[in-house]
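In what follows, a structure is listed as structure tokens, so that the remarks can point back to it.
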Amino acid sequence: MDLYERVIELSRRRGFLHPSFEIYGGLGGFYDWGPRGARLLENVLDLWRQLYVVEEGLMEVSTPTIMPRRVFEASGHLEGFVDPMVDCEGCGRSFRADHLVDNHVDLVADSLSNEELQEVIDGEELGCPECGGPLSEVYDFNLMFGTTVGPGRGQEAYMRPETAQGIFVAYPRLYRYARERLPFGAVQVGRAYRNEVSPRQGVIRLREFTQAEVELFVDPEEKVHDGFDRVSHRKLNLLSSGKQLDGEAAERRSLREAVDEGDLQNTLFAYHLHVVDRFLTALGIPEGDLRYRQHLPDERAHYAADCWDAEVNLDRFGWVEVVGLADRTDYDLSRHSGHSGRDMSALRPLDEARESTVRRVEVDMSSLGPRLREDASPVVERLNERAAAGEVDGGDVSVEVEGSTRVVRGEEYEVVEEVERVRGETFTPHVIEPSYGVDRAVYAMLEKAFRSEEVEERERRVVSLPRALAPVPVAVLPLTDDAEMRHVSSEVARRLRGNGFVVEVDTSGNIGRRYRRQDEIGTPLVVTVDQVTVDPESEGHRTVTLRSRDSMEQVRVGLEEVEASVLRFVQDGADLAEIGE
RNA sequence: GCGGCCAUGGUCUAGUGGUAGGACUUCAGCCUUCCAAGCUGAUAGCUCGGGUUCGAAUCCCGAUGGCCGCACCA
């Protein structure tokens with residue numbers, strides 16, 4: 001059994017994670033987070049929100065998972081989220097049609113339509129590269145799940161393949177809420193859907209998954225973060241595209257150095273790489289199993305200016321992308337603006353409003369209108385242009401309109417001068433996007449927390465999750481099945497729950513068995529109520545033991561100090577020894 | 001989507017054309033009283049759908065799921 005299998009087996013058994021729809025045989029690419037897993041996921045998302053919503057001050061939104069066709073026409077997913085495929089009618093293998101054409105013809109097949117690909121395949125008489133058999137027609141395989149809204153034929157709609165689009169389409173309102181000042185950012189946590197061709201890698205490749213995305217709207221001329229100096233000394237394992245092409249490994253470098261040497265394009269991007277790193281490190285991913293890899297030029301989406309993936313080294317799958325950080329430029333807003341006709345720009349205020357004098361004409365339309373009829377409007381337009389250029393002086397003017405010459409008499413118009421104040425210039429913001437695959441992150445967390453050791457010739461499995469993120473932060477166990485111990489235990493549990501802790505009370509089986517159970521669900525601290533606790537004659541009356549998951553050490557504390565001790569241990573990361581003093 | 005291998009209680013597994021077994025877990029009781037101890041008992045299983053057969057968990061076909069290889073991964 002490899003590590004992945006061991007982690008999945010424990011996850012199934014202990015309620016972290018299991019295949020969905022099991023009673024009906026399951027379905028590839030769908031997993032349930034069970035009672036422990038769902039808590040863990042929520043705790044991880046709370047941490048994520050702490051970083052982005054609380055500390056970075058970004059606004060969180062929540063938008064539908066189903067969106068009408070037009071959204072994806074604009075985003076490019078309808079067209080671009082497809083792969084042109086052909087199947088071999090001999091051996092049944094499937095191939096990317098464009099790759100096939102690329103390999104045989106000196107063309108950039110990316111830009112070809114399916115019809116053009118078909119023509120090339122027919123013209124070159126291409127067959128199956130494996131068996132030489134005949135090929136099917138070129139067809140599109142779109143990775144979006146389609147549906148309809150409303151009865152009958154309804155309206156064509158799709159499940160979102162990323163949460164980002166919901167933010168982009170709401171941009172005009174979000175910009176207002178940000179009081180029309182850049183930079184600002186919106187985040188969203190939610191499900192996204194991709195009809196993967198082959199979701200083979202268990203929980204690493206899901207058809208429905210949890211995404212947490214950040215969209216930072218910035219002035220393309222101001223891709224800076226004023227907090228960068230605070231974090232610029234931090235070192236990350238960076239693997240630039242240049243290094244990859246040279247066959248080199250990632251190198252631990254400071255963000256400052258990477259920016260100075262041009263591997264990272266700006267301090268905004270670098271700063272957010274650091275936020276990603278803080279998050280993944282807080283999940284307990286060791287530095288050595290974490291690297292930041294820049295996309296190679298041909299790997300990057302065509303609209304992205306730059307893209308780095310945070311990758312975690314997993315036992316079975318190797319380096320797996322968990323977070324993508326992309327500079328999407330103005331692609332998304334420009335596309336949605338173009339398709340919707342809505343203004344998706346922002347204003348860059350000038351230090352001082354620029355004033356300029358504009359000359360235009362005021363025309364007596366009651367005279368000009370009846371006289372020139374349909375030529376009147378174009379004539380006025382031309383007249384205004386010429387007035388602005390200072391070419392009219394108030395006398396009669398001849399204007400060319402569609403080949404004929406019309407005259408505007410001096411008494412029919414007047415040149416006026418107006419002062420126009422320009423407060424700023426408009427532009428389409430750029431988007432910097434950190435995008436998290438939360439399920440992958442949580443799996444990585446479980447794998448890195450999983451530990452197995454021999455204790456007295458028996459295997460002890462421990463899930464050493466970060467204390468504050470564990471699904472059950474503390475358990476209360478009566479040492480034996482004694483009425484008084486039980487009573488005190490439930491009292492302790494009640495008080496801990498009153499402090500906001502999820503508490504498990506377990507009274508079944510001997511104490512060792514129960515400790516092992518808590519070890520496997522990752523409970524960092526166990527409170528044990530024993531004989532001494534309930535014995536008024538004993539010196540330790542009204543004290544309990546605290547037992548640490550990671551060291552298996554125990555200390556005694558008074559019943560009255562339990563809540564404070566648990567808080568210090570779980571939330572502040574205090575040592576057990578110092579709590580026991 | 002293709003090919004190969006596979007599918008037995010919660011978990012890990014044995015098994016065979018004729019009553020499905022073990023280990024661990026879980027639950028109850030006894031015992032024990034700080035790290036999966038012991039004893040007794042209990043719950044719980046042949047992925048699903050067809051076919052062959054007197055009889056199918058076993059053989060055949062299909063579906064679903066898993067693993068490996070190919071392909072795919074905006």
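Everything numeric here is computed off the predicted structure, so don't read it as measured data. Proteins come first, then strands; the chains are lettered A, B, ... in the order of their sequence lines, and each starts at number 1.
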Measuring only the [atom1] atom in each nucleotide, how far is [N] from [M]? A whole number of Å is fine.
N      : M      : atom1 : value
B/rG10 : B/rU43 : P     : 15 Å
B/rU53 : B/rU16 : P     : 24 Å
B/rG22 : B/rA42 : P     : 12 Å
B/rA37 : B/rC31 : C1'   : 11 Å
B/rG50 : B/rG45 : C1'   : 22 Å
B/rU40 : B/rU25 : P     : 15 Å
B/rC39 : B/rA23 : P     : 11 Å
B/rG9  : B/rA57 : C1'   : 14 Å

Checklist entry - Can you tell which of A/R460, A/R549, A/R14 makes a side chain to side chain donor-acceptor pair (under 3.5 Å) with A/E520? => result A/R14
Separation of [X] atom [atom1] from [N] atom [atom2], in whole Å?
X      : N      : atom1 : atom2 : result
A/L143 : B/rA71 : CG    : C1'   : 13 Å
A/I521 : B/rG10 : CD1   : P     : 20 Å
A/L479 : B/rU32 : CG    : P     : 13 Å
A/I8   : B/rG65 : CD1   : C1'   : 14 Å
A/D2   : B/rC68 : CG    : P     : 8 Å
A/R556 : B/rC34 : CZ    : P     : 11 Å
A/R12  : B/rG66 : CZ    : C1'   : 10 Å
A/E5   : B/rG66 : CD    : P     : 13 Å

Checklist entry - Do the side chain of A/R547 and the base of B/rC34 come within less than 3.5 angstrom through a donor-acceptor pair of N or O atoms? => result no
Item to check | Partner residues of A/Y4 under the ring-ring contact (aromatic ring centres under 6.0 Å, His included) criterion, sequence neighbours left out | outcome: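 Result, ring-ring contact (aromatic ring centres under 6.0 Å, His included) vs A/Y4: A/F317, A/Y443.
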Checklist entry - Which residues satisfy the ring-ring contact (aromatic ring centres under 6.0 Å, His included) test with A/Y24, sequence neighbours excluded? => result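 A/Y24 satisfies ring-ring contact (aromatic ring centres under 6.0 Å, His included) with no residue once adjacent residues are dropped.
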Next on the checklist: As a check on the pairing definition, encode RNA chain B in dot-bracket form, counting Watson-Crick and G-U wobble pairs whose two distances are under 3.5 Å, and using | for partners outside this strand.
Outcome noted: (((((((..((((....[..)))).(((((.......)))))....(((((..]....))))))))))))....
For [X], answer base if it contacts any base atom (sugar-phosphate contacts may also be present), sugar-phosphate if it contacts only those atoms, and nothing otherwise; contact means non-hydrogen atoms under 4.0 Å.
X      : result
A/E9   : sugar-phosphate
A/R461 : base
A/R207 : nothing

Pairs involving [range], ordered by first then second residue, that meet salt bridge (charged side-chain N to carboxylate O under 4.0 Å, His left out) (sequence neighbours left out):
range                       : result
residues 67-78 of chain A   : A/R69-A/E73, A/R69-A/E156
residues 437-447 of chain A : none
residues 534-546 of chain A : A/R542-A/E560

Residues touching RNA chain B, which here means a heavy atom under 4.0 Å, drawn from [range]:
range                       : answer
residues 67-76 of chain A   : none
residues 17-31 of chain A   : A/G25, A/G26, A/L27, A/G28
residues 508-519 of chain A : A/S508, A/N510, A/I511, A/G512, A/R513, A/Y515, A/R516, A/R517

Residue list, side-chain hydrogen bond (donor to acceptor under 3.5 Å, both in side chains) with [X], at least two apart or on another chain:
X      : answer
A/S452 : A/R6, A/E459
A/Q244 : A/R293
A/S565 : none

Next on the checklist: I need the minimum non-hydrogen distance between A/A470 and A/P524, along with the two atoms involved.
Outcome noted: CB-CD, 3.7 Å
Item to check | Minimum heavy-atom distance A/V323-A/Y436, with the two atoms named | outcome: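 Shortest heavy-atom contact: CG2-CD2, 3.4 Å.
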Checklist entry - Can you list the steps and then say if A/W33 with A/F16 is a ring-ring contact (aromatic ring centres under 6.0 Å, His included)? => result CA-CA 6 Å; A/W33 287 105; A/F16 284 103; 8.2 Å; no
So that I can tick it off, tell me whether [Y] and [X] are bridged by a salt bridge, with the cut-off set at under 4.0 angstrom between side-chain N and carboxylate O.
X      : Y      : value
A/E213 : A/R191 : no
A/D530 : A/R556 : yes
A/E162 : A/R160 : no

Item to check | Residue closer to the 5' end of RNA chain B, A/H77 versus A/D530 (nearest nucleotide) | outcome: A/D530
Item to check | Of A/R13 and A/V455, the one whose closest RNA chain B nucleotide lies more 5' | outcome: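 Looking at the nearest nucleotide for each, A/R13 comes out on the 5' side.
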Checklist entry - CD/A/Q265 to CH2/A/W308 distance, rounded to the nearest 0.5 angstrom? => result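 Between atom CD of A/Q265 and atom CH2 of A/W308 there are 10.0 Å.
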